[in-house]
Structure formats: structure tokens, C-alpha cells
Amino acid sequence: MAVLTNDMSNQLQISNYFSCPVYSIEKPEWVSKIDKACDKHIKEAYKREKPKQLERKKELGTKHYNAVKDHGMSYHSGPIEKDPDLSEFVEYCGNTAWNILDAQGFDMSNYTMFFTECWVQEFSKNGGGHHNTHIHGDNHISGFYYLKCSPTTSLPVFHDPRPGALMTGLKQKDKRKLSYANDQIHYIPKPGSLILFNSYMPHQYTMHDGYEDFRFIHFNIQAVRNMIVEGVKNENRI
């Protein structure tokens, strides 16, 4: 417990409540296998976006298209959680998500974790890839696993999810320091970085310059009641 000194006789006791944790761990031993497994999914994503490229070329004309190409694009795969080459990754993330919620104080004894979404994505090599601030509703734990990245690629940014804090926020003294005044923070991941967080946390990805490849897996996990999983009729259903 931290202490703020007011004068020699009085001290303000500080207790931190309503925290917004972000969890991270390094798993570089997975990168090679998972990245190779994701190659086919990314290839399919590029193929799926090909008609958009042709349409862009038609709209812009060859000269302008050659200048921008796929600038600003982000290539998303379809669902990948059933890929057998990702089974270790999927199982680890599912179990960790359950453990996180349990450690946060939630009664998880009657819940099972399910992936609602899991996809690999790659930002354009011509730069401009990004994601605006968003959340993932109807989920409980979200996460990222980085396959290709560096300090020059896009960065994940987390925003304060408390509307009251944003509404009453004052000017921050020094944005280079972490303090109670921060309304956003960012990570500088490296290949093998795994980040998990509560899905209510608003997050975004900064503009990708395209100097180096940027590829990562994004997933969302939902806690589902066991009575639903087991097919038991809910008498309280409306």
C-alpha cells in the first residue's frame, strides 16, 4: 500500500481498486511452428482480397494504383482455432483465460471457455495498416500472439475503459511516465509475445509503416455456462 505524505502528522493511505490488468508472457518457442502453420491461412486471406485489389486498380488507374498498391490493407484469415498445428496454442490460451478470470475473483466453477474468434492477420507490406479503437463485445478474454514484428512495426495501444475517468480527466504532466493520469498505454511486442486482457478493454493498432513484416494472431474467448455446454434445459429461459 502506497502512502502520500500530507504533513508530518498525517499520511494518506492509497488502496487501488477497479484495476484493469493486462497479462503478458514470452513464448518464442512457438513462433516457428505457428508461423509456418499460419502461412496457408494468410495465403488464403491474400487470395480472398484479390478482387478488392483489382477494383482499386480500376478505380485509381494503373499509375495511381502502382503508387499505393495495397497501402492501408489488413489481411484477415478465417477461423484458425481448429487447425491441429495450433492445438497447443489454443489449449494454452483457453486454460490461461479461465485461470485469469478465476484469479480475478470470478466463480468459474460452472463455466467453460470457448473461442468465439481466432484469426491470423498481416498488415500490408506497403504500409498503412492499422485498426481504430474498438472492443470485442460478448466476450470475456481477448489476446494477441505476435509472429512477425519489431519496434518499427504497428503497436498495440490499450485505452482506459472507464468513461467517468475520461470525462473528468485532467492534463497529464508527463506522458512519458506511467501514472494514474494515463488514459492509454502501449506495448512493444516481439516475436513470441503473448498478451491477454479483459475484452472490455478498448484497444487499437497504430499505423504500420511497412518497413518490416507485421503478422499476429488475434483471439476472443467467451465463458459459457456448463448447463448450456451440456445441453441442459434452462428453466429460467425467457
Side-chain angles (χ1 to χ4, degrees), residues 22-53 69-100 113-132 134 136 139 141-158 185-197 199 201 203-222:
V22 176
Y23 306 83
S24 62
I25 188 172
E26 300 302 320
K27 288 288 186 179
E29 66 273 18
W30 290 348
V31 172
S32 179
K33 179 180 178 180
I34 293 179
D35 189 44
K36 183 178 180 180
C38 286
D39 281 342
K40 60 181 178 292
H41 299 292
I42 287 293
K43 185 177 181 180
E44 291 173 359
Y46 273 87
K47 183 178 180 179
R48 190 166 53 250
E49 295 294 330
K50 189 66 176 179
K52 292 183 181 180
Q53 298 300 320
K69 294 183 180 178
D70 64 346
H71 176 84
M73 294 289 292
S74 178
Y75 297 91
H76 294 245
S77 76
I80 62 173
E81 66 272 18
K82 299 298 184 182
D83 189 323
D85 290 327
L86 301 177
S87 59
E88 181 182 5
F89 167 78
V90 169
E91 182 178 4
Y92 179 90
C93 291
N95 290 336
T96 302
W98 191 97
N99 290 334
I100 285 174
M113 308 306 290
F114 284 88
F115 279 74
T116 61
E117 296 172 294
C118 184
W119 70 97
V120 61
Q121 58 185 297
E122 186 170 283
F123 282 3
S124 168
K125 294 177 173 58
N126 290 300
H130 67 284
H131 289 315
N132 293 327
H134 62 284
H136 293 282
N139 288 283
I141 295 293
S142 297
F144 313 126
Y145 183 64
Y146 296 89
L147 300 170
K148 296 179 181 180
C149 63
S150 78
T152 71
T153 56
S154 179
L155 302 176
V157 180
F158 295 94
I185 60 98
H186 71 268
Y187 278 71
I188 303 178
K190 55 187 177 182
S193 295
L194 175 63
I195 298 176
L196 300 100
F197 53 96
S199 299
M201 291 268 298
H203 53 281
Q204 71 174 102
Y205 272 90
T206 60
M207 191 73 69
H208 178 56
D209 290 327
Y211 297 130
E212 298 183 76
D213 291 343
F214 185 59
R215 179 189 290 188
F216 70 105
I217 292 175
H218 195 340
F219 58 86
N220 297 309
I221 300 176
Q222 183 186 81

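These values consider heavy atoms only, across backbone and side chains, with no hydrogens, waters or symmetry-generated copies.
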Between CD on residue Gln53 and NZ on residue Lys50, distance to nearest 0.5 Å: 7.0 Å
Intermediate values then yes/no, side-chain contact (heavy atoms from CB on, under 4.5 Å), Met201 and Val22: CA-CA 9 Å; Met201 291 268 298; Val22 176; 3.8 Å; yes
Salt bridge (charged side-chain N to carboxylate O under 4.0 Å, His left out) against Asp39, all qualifying residues, sequence neighbours excluded: Arg215
Intermediate values then yes/no, side-chain contact (heavy atoms from CB on, under 4.5 Å), Leu86 and Glu81: CA-CA 7 Å; Leu86 301 177; Glu81 66 272 18; over 6 Å; no
Partner residues of Lys40 under the side-chain hydrogen bond (donor to acceptor under 3.5 Å, both in side chains) criterion, sequence neighbours left out: Asp83
From OG (Ser142) to CD (Glu117), nearest 0.5 Å: 8.5 Å
Test of ring centre spacing under 6.0 Å for His130 and Phe214: no
Exceeds 12 heavy-atom contacts within 6.0 angstrom, atom OH of Tyr46: yes
Residue pair Pro156 / Phe144, side-chain heavy-atom distance below 4.5 Å: yes
Min side-chain heavy-atom separation Asn220-Trp119 under 4.5 Å: yes
Residue pair Leu196 / Phe219, side-chain heavy-atom distance below 4.5 Å: yes
Listed partners of Tyr187 passing ring pair (Phe, Tyr, Trp, His ring centres under 6.0 Å), at least two apart: Phe158
Listed partners of Glu91 passing salt bridge (charged side-chain N to carboxylate O under 4.0 Å, His left out), at least two apart: none
Asn132 side chain near Gln204 side chain, heavy-atom distance below 4.5 Å: no
Contact list for residues 23-34, test salt bridge (charged side-chain N to carboxylate O under 4.0 Å, His left out), sequence neighbours left out: Lys27-Glu29
Glu49: partners by salt bridge (charged side-chain N to carboxylate O under 4.0 Å, His left out), with sequence neighbours left out: Lys52
Set of side-chain hydrogen bond (donor to acceptor under 3.5 Å, both in side chains) partners for Ser74, sequence neighbours left out: His76, Gln121
Residues which pass ring pair (Phe, Tyr, Trp, His ring centres under 6.0 Å) with His134, listed by chain and number, not counting sequence neighbours: His136, His203
Parallel, tilted or perpendicular, as decided by the 30° and 60° cut-offs, for the rings of Tyr92 and Trp30: perpendicular
Plane angle bin for His218 and Phe197 - parallel if under 30°, tilted between 30 and 60°, otherwise perpendicular: tilted
Heavy-atom closest pair, residues Pro151 and Ile188: CA-CG2, 4.0 Å
Straight-line distance of Cys93 SG to Ile221 CD1, nearest 0.5 Å: 6.0 Å
Distance in Å, His208 NE2 paired with His131 NE2, rounded so as to fall on 0.5 Å steps: 11.5 Å
Partner residues of Ser124 under the side-chain hydrogen bond (donor to acceptor under 3.5 Å, both in side chains) criterion, sequence neighbours left out: Asp70
Over all atoms of both residues, closest heavy-atom pair of Gly127 and His71: O-ND1, 3.0 Å
Nearest-0.5 Å distance that lies between atom CD in Glu88 and atom CD1 in Ile34: 7.5 Å
Phe114: ring pair (Phe, Tyr, Trp, His ring centres under 6.0 Å) partners, not counting sequence neighbours: none
side-chain hydrogen bond (donor to acceptor under 3.5 Å, both in side chains) partners of residues 145-154, not counting sequence neighbours, each pair once: Tyr146-Tyr205, Ser150-Thr152, Ser150-Glu212, Thr152-Glu212
Any residue meeting side-chain hydrogen bond (donor to acceptor under 3.5 Å, both in side chains) with Gln222, in chain and number order, not counting sequence neighbours: Asp138
Given Ile100, Thr96, Asn99, the one that forms side chain to side chain contact (heavy atoms under 4.5 Å, CB included) with Ile141: Ile100
